[in-house]
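Just so it is clear: chains get the letters A, B, ... in the order the sequence lines come, proteins before strands, and each one is counted from 1.
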Amino acid sequence: MSNYDQMWKELGLDLPNHEGLLKFLGEAYQGIYLTQKNRPAGMGYFDFVISEVHGLRIKEIVDARKAGKKGIGTFCVYVPEELVLAANGIYIGLCAGAEVGTPQAEQYLPRNTCALIKAFFGFKLANLCPYGEVTDLIVGETTCDGKKKAYEAFNDITGKMHIMDLPNTKSAEGRKLWRAEVARLKDKLEELTGVKITPEKLAEATKIVNDKRRALQRLAALRAADPTPISGLDALLINQIAFYDDPIRFTDMLNKLCDELDGRVKEKVGVVPAGAPRVLVSGSPMAIPNWKLHHLLETSGAAVVGEESCVGARNYRALTPEKFAGLDDALDKIAERYLTIDCACFTPNDERIENIVKMRDELKVDGIVHYALQFCTLYTSESFKVAKELKEFPFLRVETDYTMEDAGQLKTRIEAFLEMVRNRRK
Amino acid sequence: MPHIGLDIGSRNIKLAVMEAGKIATLKKEESGFDPLERCRNLLASCPVGPITATGYGRHLVEKTFSCGTVSEISAFARGALFFDPSVRTVIDVGGQDSKAIRVDGAGRVMAFEMNDKCAAGTGKFLEIMARALEMTIDEFGDRGHRNESRVRISSLCTVFAESEVISLIGRGADRRSIAYALHEMAAERASSLVSRVGVAPTVMLAGGCARNPLFTALLAEKLARPLVVGEFPEFAGAIGAALVE
Ligand code: SF4
Ligand code: SF4
């Protein structure tokens with residue numbers, strides 16, 4: 001992979017440590033992904049994307065920027081991708097799912113900050129993330145307290161932040177505020193790219209983003225089959241890649257994979273024996289390469305059949321209308337679409353419970369594992385409400401981070417949970 | 001045919017041989033640094049039969065003995081019902097972890113909770129505190145202790161609690177009061193774990209700490225009901241493992 005050394009050097013990466021990181025990532029991928037049995041052939045593309053995660057995709061973005069495109073980094077599914085694409089920008093998810101640069105990050109952030117925030121800081125401060133370096137603008141949002149404060153410090157370091165003021169409630173005033181914030185982002189993007197965002201461009205961009213969402217929905221629906229035709233790990237990976245791959249190519253490759261999965265479902269070919277406990281994972285997002293929980297679940301005999309998460313259903317559940325009567329109408333519709341997302345940062349957030357119950361029933365789930373990153377007040381708090389609403393339905397609450405320190409204990413709890421699920425089905 | 005249950009804990013390995021639904025043999029050994037070897041020794045004098053392993057070391061022996069495994073949670077649930085079929089909530093306070101389980105009449109786990117990574121409030125915690133007080137385990141867990149000097153321990157962390165104990169002794173606090181306060185804290189911790197799964201009318205205390213009279217009394221007080229303590233509380237996991245299908 002050393003043919004990218006020059007590019008990485010130009011991006012200011014710490015080459016020796018970066019090489020170590022890639023080696024670690026490669027080994028983790030080998031151990032967790034490539035040892036899975038009976039994977040669909042269509043996963044080959046996604047394996048390739050991962051093997052080139054800091055290589056080819058970065059090169060594409062570097063080249064596109066040389067040709068005048070701008071890279072727009074984001075950390076949250078509330079940032080409208082339609083606007084970014086309409087401004088001819090490249091949408092780049094920056095969330096990080098590995099423990100990197102924690103000591104450096106802790107010079108800016110309290111220790112009890114969630115792993116996701118620490119990781120994006122750590123990657124930047126340790127000079128290990130090429131994605132941050134190929135952005136021209138980073139769009140943050142006022143979701144959780146941890147992120148809000150982290151963005152202030154991140155702006156001091158990068159000088160690239162634009163913050164969208166996301167309301168706390170979905171009230172009429174809240175909606176008005178959000179609509180204005182969507183318009184402000186549009187202006188910001190126009191100013192940065194020099195591209196005028198028109199209703200036509202927005203319609204075109206919306207089509208691209210919707211097609212990606214439709215493909216992800218298709219994948220999600222296929223997982224309702226028993227036996228499930230694809231592992232939860234593979235599906236999670238696809239959902240992670242959705243945040244930084246070229247959207248048109250991604251959609252195309254995902255649809256090809258889904259064609260293959262259609263065939264598997266017809267022939268009842270699965271990746272796990274039929275009857276394996278079907279688990280829905282619900283909660284905080286799992287940024288790449290955070291595969292810990294899925295790995296522990298699936299090596300303990302579960303089939304993960306859905307992610308009620310931002311790296312999952314919250315990202316693709318709602319489509320944006322594709323016909324606009326003018327710019328204002330387009331911005332109205334886009335703003336509305338994003339406010340259907342049921343993140344725990346909103347109060348109240350009853351839609352989320354409804355969505356969990358719906359996914360549970362549609363995916364024929366046997367048990368729900370609630371996943372919260374340690375120190376994430378929002379999702380940890382909601383876990384109690386979710387547990388209460390689900391009554392006696394098998395439920396396991398997991399609070400963890402990116403380290404493997406608690407893997408043994410988690411494994412015991414997961415095994416006990418799966419035994420409980422199996423026994424209850426009897 | 002005899003069924004063998006092996007509970008490989010972080011401190012001790014327990015073995016139970018069950019025959020025709022009855023206990024045939026119970027044995028216990030320290031886990032030591034080579035638990036696999038210890039298991040071999042324990043099994044050497046046992047009748048031949050299917051083995052099921054549980055406890056944190058269960059996967060360690062899985063291949064060697066080509067045996068089945070079951071989590072501690074399911075094993076304790078099953079084992080508790082062996083001692084008393086009316087039990088619906090089980091608390092196990094073991095060497096380094098504790099768990100609370102709600103179980104139905106068929107031995108099926110309905111809900112469970114485990115303490116987090118640290119040893120606060122577990123057997124290990126009490127053991128270290130007894131040592132800090134220079135008491136034997138029996139002296140330490142004496143039901144007759146009262147908190148006459150109204151001692152308060154503020155930290156649940158083993159390391160901090162130990163230094164608190166030492167400074168309390170230095171200030172001349174009476175050791176029986178300190179022992180009482182420490183047990184109260186451990187019982188508080190266990191009771192909050194249990195209340196997360198639901199406290200049924202019949203609650204069983206399993207694990208080594210069930211042999212500690214003061215702890216048992218204080219926990220019963222907090223839960224406002226008598227606790228069932230089986231005859232061999234630390235063997236509930238091994239017995240349960242031998243009994244699961
Ligand atoms: S969990 Fe909430 S704040 Fe985090 S990415 Fe999702 S929507 Fe944004
Ligand atoms: S996981 Fe929770 S604490 Fe962390 S960034 Fe997301 S919402 Fe904030």
Side-chain angles (χ1 to χ4, degrees), chain A residues 111-112 115 277 279 292 295-297 299-302 366-376 380-381 383-426, chain B residues 7-10 35 52-60 62 68-79 81 88 90 92 94-119 122 193 195-198 200 237 240-241 243-245:
Chain A
R111 287 198 56 192
N112 55 351
V279 170
K292 178 176 168 181
H295 177 61
L296 287 171
L297 277 164
T299 51
S300 305
D366 300 308
I368 294 180
V369 177
H370 194 283
Y371 173 81
L373 281 174
Q374 204 175 14
F375 309 125
C376 171
T380 331
S381 305
S383 74
F384 291 94
K385 195 169 173 190
V386 176
K388 194 166 151 260
E389 295 289 328
L390 289 172
K391 304 210 172 69
E392 290 282 291
F393 192 78
F395 183 81
L396 178 69
R397 184 183 296 125
V398 169
E399 214 186 308
T400 185
D401 56 19
Y402 294 167
T403 65
M404 276 301 175
E405 268 167 44
D406 60 349
Q409 212 232 14
L410 267 180
K411 178 115 177 119
T412 296
R413 294 178 59 206
I414 285 169
E415 286 180 1
F417 176 69
L418 296 175
E419 286 162 4
M420 172 170 107
V421 168
R422 279 199 193 95
N423 280 329
R424 285 243 227 134
R425 276 201 313 205
K426 273 185 200 158
Chain B
D7 178 0
I8 305 150
S10 52
T52 305
T54 186
Y56 104 106
R58 65 193 178 285
H59 292 299
L60 213 69
E62 195 178 356
T69 63
V70 65
S71 72
E72 297 95 295
I73 312 284
S74 301
F76 269 86
R78 189 66 193 79
L81 256 68
R88 293 293 175 272
V90 187
D92 161 51
Q96 274 180 13
D97 64 10
S98 39
K99 42 194 168 288
I101 309 160
R102 193 152 47 79
V103 61
D104 73 359
R108 297 186 304 179
V109 175
M110 302 304 282
F112 68 91
E113 290 280 347
M114 279 176 91
N115 71 332
D116 22 58
K117 298 176 213 174
C118 86
T122 64
L193 194 68
S195 53
R196 299 216 308 252
V197 298
L243 293 174
V244 290
E245 285 90 46

Rounded to the nearest 0.5 Å, what separates atom [atom1] in [X] from atom [atom2] in [Y]?
X	Y	atom1	atom2	value
A:Leu297	A:Leu418	CG	CG	6.5 Å
B:Leu193	B:Met114	CG	CE	9.5 Å
A:Lys292	A:Tyr402	NZ	OH	10.5 Å
A:Asp406	A:Asp401	CG	CG	6.0 Å

Under 3.5 Å: donor-acceptor pair, side chain of B:Arg102, backbone of B:Val197: yes

Name the region of B:Ala75, side chain, backbone, both or neither, that has any atom closer than 4.5 Å to a heavy atom of chain A. neither

Is the shortest side-chain heavy-atom distance between A:Thr380 and A:Glu399 below 4.5 Å? yes

Can you tell me which of B:Asp104, B:Ile101, B:Val70, B:Val244 forms the most heavy-atom pairs within a distance under 4.5 Å of chain A? B:Val70

Is any residue of residues 388-397 of chain A within less than 4.5 Å of chain B by heavy atoms, and which ones? A:Glu392, A:Leu396, A:Arg397

Closest heavy-atom contact between B:Lys99 and B:Ile73? CD-CD1, 3.6 Å

